[in-house]
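This report refers to the structure that appears directly beneath it.
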Amino acid sequence: MKNDKNIIEVKNLVKHFGGVYAVNDLSLKIPRGEVVSIIGPNGSGKSTLVNLLSGMVEINSGVVILNDAEKLKKIKSYEIQDLSITRTFQEVRLFEQMTVIDNLLVVLTNRSVFGSFFEVHKKYHLEEVERMLQRVGLEAKKNQLAKNLSYGQRKLLEIARALLMKTEIYLFDEPFAGLFHAMIKTVSGIIKDLRKEGKTVILIEHNMDLIRELSDYVFVMDEGSLLAEGEPDSVLKKKSVIEAYLGK
Amino acid sequence: MTKKIVAGVLMLAVVFVAGCSVFGTSDDAVSKPKIAVILPFTGDAGSYGEMTKQGIEIAAKEFGYAGEVIYEDSKCDPKDSVNAMTKLVSVDKVQAVIGDLCSSATRASYPIAEQYKVVLVSPASTNPDISKDGGYMFRTIPSDSLQGAFGAKLVYDKGYRNLAVLYSNEDYGIGFNTVLKENFEKLGGKVVASEGVERTATDARTQITKIKAANPDAVYFIHNGPSVAAGILRQMSELGLKAFIVGSEGLRGEAILKGAGVSAEGMYVTSVASGTSAFLEQFKTIYTNVEVGPFAAQGYDAFKAIALTIKDGAKTGEEIKEALYKVEFDGGTGHVKFDANGDVPGTYDVFVVKNGKFELVK
Amino acid sequence: MNYTVYYIVHLLTMFSIYAILGVSLNLVVGYTGLVSVTQAAFYGIGAYATALIAKTAGFGFFSSMLIGVIVAGLIGLLIGLVLSKFRDDYYVIVTVGFNIIAYGIFMNWHSLTRGPLGIVAVPRPKIDFLGLHLDFNNNLLFLALVLVFLALIYFLARFIAKSSFGRVLKAIREDEKAIQVFGYNAFYFKLAIFVISAGMAAVAGSFFASYLRFTSPNTFVLMESVLILSMIILGGLANLKGSLLGAFILVLLPELMRFVGFPNEIAAEMRQIVYGVILVLLMIYKPSGIMGEYKL
Amino acid sequence: MNIVPQLILNSIIAGSIIAFLAVSFNLIYGATRFFNMAHGTIAIFGGYIAFFFFKTLGWNMYLSAILGILAAGLLGYIFDRIIYLPLRKRKASGMIMLVASIGVFTALQSLIQIFFTSEFQTLSDISVHDRLYTIFGATITQTQIYILIMAFIVAICLIIFLKYTIFGKAVKAISDDEEVAKIVGINTNKIIGLSFFIGSGIAAIGGIAVGFDTGLNPTMGMKLLLHGISAAIIGGVGSVYGAFIGAFVLTFVANFSIFWISGEWQEAVAFVLLIIFLIFRPRGIIKR
């Protein structure tokens, strides 16, 4: 079901830390409006790829192409919002000593120093945050400090924060890790809604059932390069993929 | 809610304070003019403050002020001197103040005295610029412009032509250095190097190295912190500086002998006269086993000058000021008469450090 | 006025000046998480601006204060630019370096600051405006003026802390890398608050120089910055009322020590010891300070 | 008379004193990962203890020095046990420990002021001229030569000690990652306590050297430490060898700066150098 328009294309991407090649000459195309999963054993470069796409680490070489047009050699993390990209983190990174509502309001703020000075949060900002809290079931915890939430609640808050960015592309780095069943249903519901809205979701996940249920396309990475790609069912049956997971 | 309270309290404080300041409190009638003293009693120059106070106490007893003089400790720090002066003029409402010892402290507190028309008589600040500070400023110690000339002549007469100067980087040091340079060059000598060192810094090794490089035959060392100066004297001998060393009166403290030991041996010190023989006898009768300090006689004269004007009927600061320009008497340092700048002529003694003691050179 | 009123007014004035310094530094340390130990440099710039400019013809206290704020802001900008390259320990050490460099300039640039001689006869403010003639030589009136400016700065700081800008600062404090992902270039936000804080500190400097009628380099030493930092940590980080409380304790402590009756020649040292011990105990038992909302 | 030789000697003398601070600071920073602001005052404390035994009680000079070093080492160890260990247990951040060390610095400095007044005290015997040696027209005293030799010996011993002993390897492991070191079975608290003891002791040698050189004053602790930290950073934080070199780089630049600007600016020059170094070479000369 691949349509022709690619929202992101990565060409010969390389990222090394000292001698270690986390991402090794990786090239892949991510179609618009689909849920794409990236799977692979730990240390295969999945998180590094997401960090590269979100400007958290510098690209050593290779290029990232957006909407088959913009060619990017360098991505700065505070610029990815203009590229309509946002993300969550493998280890949750919330603003711990701030309230839940502040954790969400802060991403709706005007991006310029002077703008944010005189900005008064209009009613609809607060309503929007309220709606988002209901959607992830955290409205009761509104004035709690982020650090006092449970692990699952913190994951949900992070996803809520990403959704409020209303971008085209969402990078979810193991959003389901450590969630209870109820919360897994909420998050997969959110991902399905995003897909309905024509948004592109890049998902890093280990739970094969969720991958089959949610993703339109799957990339398998191993030791920093692309091992296989394709529809979830066909890819997951491939010998090489299973071996990569179970270890040679 | 608490934000409202804080805002309220702040506003209230402002209103209350502004309100009662408009009324203020009336000045109580001036009975007997009050005299106060601002000197360093703690800190580096604390020993000098004590010695000056002894001279003042003698005069206070003589004029029946014993026990009424208000003493404030300035630690030779301009900030403390200013605080003390502000308190004396606005609370104790004194008419005359004796002080301060260090030139920076005197010059910082003088503007406040002048504004409240209070006379300031310094027994020890020798910075030449103080003469031009204002009408209410008097001194019973000659300005460094005189000591600079005296010191320059002393070095020149001893046959030295290349003089280097190491001075402490504050009023006293800078003032003395400029005057010394002028006079020595007027006499035909050459000032080959002049290096400043921060008043509290003990490591003057770089400055001494520069001085040594100019190979002077005489070095004038101007400092008013004896224990710090002692460390620097040690460094001079450590760096093998071979030259005739002359110290300013700031170096005539016990701490120099205790701190520098053999490095101070043979050093000359110019110092303002420590008092006429009559004064020294009077001093000995009261403070039997105490050696008269460098500014005791000047402290005595400062108090006596003010007391004499009050005896002649001067009541307010202004009256005391006018009378001081006319007063003339034989004091602890000899004949005292203030010139138009409020300065007095001065005679100097010369001491040499011989086996650990200051000896008067005739 | 009798001595007690005079002394209370003196204490309140010093409280207000240190409260302004505390509030200004809290914006940087408490709200943005940048531990700066160079506030005394901006305090000094304000003091010297007033000391140098206030008595020249055509300028009064208020215009000198304005110039002080602008100059402190510009220098804050330069220092902020250099500081943007550093984090945590290194950030602290570089701010310490700037404080020492600033002290070196106050002490050794004789032609400008008259070095250790300091500047004497700094005038008190005067207001001759629409028939209102106020001469601030009277310490009570001067205190009223300082309190007004303290209130202004307090509410400006509160406005900043409550604004979206303040919320982004807190996010930077919590996780600078994360907030960048959401499109906020922390560099500009950190620079902006550093400049604002420098300007506020200059206001305190102007009042200090004018109150004392004198200014010299040895007030703006490194230990003064350490004192202001410890004060706001004691009061409570990221809580402006905490900074007022910290300033109050700092000014009141020496007076309380008088009643404890240490012999006066070691009173100053005993105060420092009590201060140091409080700081240590705070860091162990309540690192966010008395009213704090942020733990370093 | 060319002053370059004397400037070189001045720099070496000053450098050797700062080296004690820089080297010991690096050892403690390596193990604890926070800037201990009380380190300089602990060094001065060691100097004063030596002064107390040597000058006030008149004991033998070498014995007094050793007692000074042990006293400072013990003090450093005690501070770690009662302050920094509880803080580590509470997972306190490096900044919290830094501010706590500022508290220790303030209290300790005032304590010294009470017992020894703020007058300058010297350890050197002022009743006799120190033997002078002149090389190329520059003079250096016997005591200064002893300090110099001592600095080299201590640095070399520390480098060997850290490289080849279990303690050294443990400190290295802790500085990389304290958690991992714990898992591997290193009793981190004991090692950190020991590095405080050794670090404070070495710093005290610097304190005693200052006592012989320019004299002791309670408030010079912080100034000495800041030079030590600058030297450690310029040399390369965490590497003892780097700190040693950094000390001399710092003093050479500060001393030779007097060709362009007057001596009073030395303090500011040292920090301008540090900041420039931090901007262009944050890892310092010796890359770790």
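Treat the numbers as computed from the prediction; the structure is a model and nothing was measured. These values consider heavy atoms only, across backbone and side chains, with no hydrogens, waters or symmetry-generated copies.
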task = Select one option (side chain, backbone, both, neither) describing which atoms of Val82(C) are under 4.5 Å from chain D's heavy atoms.
result = side chain
inquiry  = Please classify the contact between Leu108(D) and chain C as side chain, backbone, both or neither, with a heavy-atom cut-off of under 4.5 Å.
reply    = neither
query = So with a 6.0 Å cut-off around CZ of Phe86(C), is the heavy-atom count from everything else above 12?
reply = yes
query = Of all of Ile102(D), Val99(D), Leu226(D), which one pairs up most often with chain C through heavy atoms under 4.5 Å apart?
reply = Val99(D)
note = Looking only at Leu87(D), Val269(D), Leu274(D), the option with the highest number of non-hydrogen pairs under 4.5 Å against chain C is Leu87(D)
note = So side chain to side chain donor-acceptor pair (under 3.5 Å) across residues 21-31 of chain C, not counting sequence neighbours, yields Ser24(C)-Gln39(C), Asn26(C)-Ser243(C)
message = Surrounding NZ of Lys85(C) (heavy atoms of other residues, nucleotides or ligands, distance under 6.0 Å), is the total greater than 12?
response = no
request  = Can you establish whether the number of heavy atoms outside Tyr188(C) located under 6.0 Å from its atom OH is more than 12?
outcome  = no
key: Basic-acidic side-chain contact under 4.0 Å: Asp80(D), Arg88(D)   = yes
query = Given a strict heavy-atom distance threshold of 4.5 Å, which part of Ile105(C) is in contact with chain D: side chain, backbone, both, or neither?
reply = both
task = Check each atom of Ile96(D) against the heavy atoms of chain C and say whether the ones under 4.5 Å are side chain, backbone, both or neither.
result = both
Atom group of Val92(C) that falls short of 4.5 Å from chain D, counting heavy atoms = side chain
